[in-house]
Amino acid sequence: MTQRRMWILSLFAALAALAFFQAATDAQPATVKQIAPGVWFREGEIDTLGHCNNAIIEMKDYLVIVDANFPSGARLTLQAAKKVSNKPVKYVFDTHHHGDHAYGNPVWTEAGATTLAYKGVAEELKRYEPKRWQAEAKVRKDVADLKLAAPEPPKQTFDKSPFILKDDTREVRFYFFGWAHTRGDGFVYLPKEKVLCSGDAAVNGPFNYTADANVANWPKVIAAAQKLEVAHVLPGHGGPGGKEVLDGQARFMTELHSAVQAAVRQGKKLDDIVKKQGDKLVSTSIQLSAGVKNWVGDGLPDQVRDTYDEITQHKPHGDIPH
Ligand SMILES: [Zn+2]
């Protein structure tokens, strides 16, 4: 074999490997499902990529995307949006400040969209960042590759709820109902289609994260959302569902709070109700009813600790310096 031929062959091998790698990373791990005419739900790949879910909403002349996702999730969602509609993305709504919902903001800005959020999202970013961004950049290539020192806050915020977008096609309402998962929790509601995007204030599965939360207030926030006429709930994580997602989420938080409160009243210490291995919490003696088992998972010991702190320190967990 001539050197030239060897070189060409190895070039082909490299290209084939690259194509394979590209296919593996570009593959749409998420499914895109139509919920109503012009409304799609994209279930993010949480286990392997840490992505949140997205909604794609088609207006008369443009698209609204719910959640910016991580940068890599933003790119996949942009591709998914191009497949279902040729209209440009005009608004991207951050349901809250967490990385898997807001760190993709620069990707959307670059794509010509305006990132939008309730003002509480910008305030939470000021409170917790850039520490978390910098930690995430050490473990996530998509965050590091943006070469930014801090997350990009939403370009447009509103403080009067609901903020409304309306045209001949449909109406989209952006609500803030109070502090549940974070101080900035935004909901997106389509009154005609009875679709509610709940961010992480209501998830469908064991995805609750309570570190920035107000567990005691959480069910009240869901109760406000339950006053809307809802046929479809598109959660921040887990599959789409109906009103039962809101019911179960509220019941989970209510049961969690009352079970931990009962333990506190019995004089139990944190170490009596959660077991540690190193600095990880691995189990808890707190048990919740079978009715909320969809929401119970490996995160329960952490949720119990956060709730215990909230009750014993008399402030929402998100207000406790940690
Ligand atoms: Zn979150």
Side-chain angles (χ1 to χ4, degrees), residues 41-47 49-55 65-74 77 92-105 115-133 135-136 139-140 142-143 151-154 174-188 196-215 217-219 221-222 225 233-239 245-246 249-250 252-253 256 295 297-300 302-303 305-307 310 316-320 322:
F41 175 74
R42 179 185 180 276
E43 189 167 345
E45 183 52 79
I46 186 169
D47 292 337
L49 302 172
H51 291 166
C52 72
N53 298 333
N54 293 93
I65 305 285
V66 179
D67 270 321
N69 213 318
F70 270 125
S72 57
T77 303
V92 177
F93 182 69
D94 295 339
T95 59
H96 61 289
H97 70 283
H98 286 151
D100 54 337
H101 298 259
Y103 281 6
N105 281 353
T115 49
L116 169 75
Y118 173 65
K119 67 169 182 184
V121 175
E123 289 164 7
E124 290 287 70
L125 283 170
K126 273 191 199 139
R127 187 172 282 117
Y128 295 113
E129 298 289 2
K131 208 170 122 196
R132 293 179 179 181
W133 173 274
E136 207 69 78
V139 292
R140 285 194 68 102
D142 60 342
V143 174
E152 183 183 286
F174 301 87
Y175 281 101
F176 172 71
F177 293 127
W179 184 357
H181 178 63
T182 73
R183 289 177 187 81
D185 294 341
F187 288 78
V188 182
L196 180 72
C197 306
S198 58
D200 288 0
V203 292
N204 190 7
F207 307 113
N208 277 299
Y209 177 70
T210 46
D212 303 337
N214 186 337
V215 177
N217 196 54
W218 202 316
V221 171
I222 302 294
V233 174
L234 309 183
H237 299 284
V245 177
L246 298 178
Q249 173 74 30
F252 173 78
M253 287 299 161
L256 173 68
W295 287 266
D298 294 344
L300 187 63
D302 285 318
Q303 293 150 10
R305 181 211 41 218
D306 294 349
T307 308
E310 179 173 312
H317 196 266
D319 253 350
I320 300 168
H322 50 271

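Whatever order the structure lists them in is the order used to number ligands and atoms, beginning at 1. None of the values given here were measured: they were computed from a predicted structure. Heads up: numbering here begins at 1 and tracks the sequence.
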Which heavy atom of Cys52 sits nearest a heavy atom of Asn69, and at what distance?
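So the minimum-distance heavy-atom pair works out to O-ND2, 3.1 Å.
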Heavy-atom closest contact (Arg140 atom, Ser72 atom, distance):
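What the structure gives for the nearest pair is NH2-OG, 3.3 Å.
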What are the protein N, O or S atoms, given as residue plus atom name, that sit under 2.8 Å from the Zn ion (ligand 1)?
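Listed by chain and number, the atoms are His96 NE2, His98 ND1, His181 NE2, Asp200 OD2.
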Test salt bridge (Lys or Arg N to Asp or Glu O under 4.0 Å) applied to Glu124 - qualifying residues, sequence neighbours left out:
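Listed in chain order: Arg127, Arg183.
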If the plane angle is over 60° it's perpendicular, under 30° parallel, otherwise tilted; pick one for Tyr209 and His98.
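Perpendicular, since the angle between the ring planes exceeds 60°.
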Using the ring of each side chain (for Trp, its six-membered ring), is Phe70 parallel, tilted or perpendicular to Tyr103, with breaks at 30° and 60°?
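If you compare the ring of Phe70 with that of Tyr103, the planes turn out perpendicular.
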Knowing that exactly one of Asn53, Asp67, Asp94 qualifies, which makes a side chain to side chain donor-acceptor pair (under 3.5 Å) with His101?
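With His101 as partner, Asn53, Asp67, Asp94 yield a single side chain to side chain donor-acceptor pair (under 3.5 Å), made by Asp67.
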